[in-house]
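Structure record follows, encoded as structure tokens.
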Amino acid sequence: MTRKTGYVWHEKYAWHDTGTHAGLVPSGGYVQPYRNFESPDSKARLAGLVEVSGLLEQLVRIPAVEASDADLLRVHTSGHVERIRSQSLAGGGDAGDGFSPFGASGFEVGKLAAGGTLAAARAVLDGTVDNAYALVRPPGHHAEPDQGRGYCLFANVPVAIEALRAEGRLSRVAIFDYDVHHGNGAQKIYWDDPDVLTISVHQDGLFPVDTGQVSEQGAGAGAGTNINVPLPAGSGDGAYWSAVERVAGPAIRAFAPDLIIVSSGFDPSAFDPLGRMSVTSNGFRGIAERLLDIADDACDGRIVFSHEGGYSAVHVPFCGVAVLEVLSGITTDVEDPFQISIGASPTRTLTAWQTDVIDRSAALARALGMIVTE
Ligand SMILES: [Zn+2]
């Protein structure tokens, strides 16, 4: 079955300037200037493969528009927004943690990333497309109300959600985050909000090091609506598929959202320089297939992917095209050549020590079902 899939990409996303950090750390002293891991490469090359594969002409192009100041201020403090604006005007700066540099157009590109996610979600709610993928940059899932973190300037997904809630277009939302890093931004923003379910599957103790544990479950009216699945390093396709089947599926079906938004990071890839997981492009394909099934059951198939991390310039394009093939139901001629290297790795299969963690998070998903049906 083919579906009408919306697609957001703007060349300016590739022009976001992350300077001369050596991968992760600022250059200086004995650290020779190099390139940031968060460079345009993986995203621009994914956009390139979307075009060369022939997918582009079969997707519905959704123009990216900048989020407004009012959109940003529903989620962020005015202090944070003004700091990004003024640094940007001054030629560049850092979003807040010393590891998130941006150049002269940082403020505009940041607004374009949040606005691109909003445009994709709006198109799905309008029914002009069945689902959508917003290939945006910079990412957003580490940004908090009062600061940027981890390469993120603004919280793209919450900015989109809050704009649509303000319009009365949206009430209940589920966020599912499979980026290798913890989705700390959404967790913090929606900690006590009972109408936004936040689920993050990530590498245990990676970044941020102090958040992402199973015990963090939300508070107040939002108690029980935050679920973390901190998988051990080395986890692959089987662990991720199990986490989607046993945690995201029951939780989202019980929660009955109007829309699912996926924070789509390809840094669980076996080739990622920052993550230590071993997911293949077929693994990401399987995650997307399962998420589409959940969306069909929970909210008439309404699902939007917003691009987050993923730093293997050579592997991310194949992972992204696999996901877009699932969303659209279109099969291209693209075959992932990296399967030769990792396609038969034993890390693909689920292990007992990964199941231990998933069991604990699955119990929270079951509890959520009981809360909702009471
Ligand atoms: Zn990440």
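In listed order, ligands and their atoms are each counted from 1.
- Counting heavy atoms from C-beta outward, Glu216 and Thr211 have side chains that approach closer than 4.5 Å.
- Among heteroatoms of the N, O or S kind in His181, ND1 lies nearest the Zn ion (ligand 1).
- Looking at Arg172 and Asp195, a side-chain N of the basic residue comes within less than 4.0 Å of a carboxylate O on the acidic one, giving a salt bridge.
- Between the OD1 atom of Asp179 and the OD2 atom of Asp267, the angle centred on the Zn ion (ligand 1) amounts to 100° when rounded to 10°.
- Ring centroids of His76 and Phe154 are separated by less than 6.0 Å, placing the two rings close together.
- Look at His142 and the Zn ion (ligand 1): no N/O/S atom of the residue is under 2.8 Å from the metal.
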Checklist entry - Should His142 and Phe207 be marked as a ring pair (Phe, Tyr, Trp, His ring centres under 6.0 Å) after you check the CA-CA gap, both sets of side-chain angles, and the distance that decides it? => result CA-CA 9 Å; His142 294 309; Phe207 179 85; 4.8 Å; yes

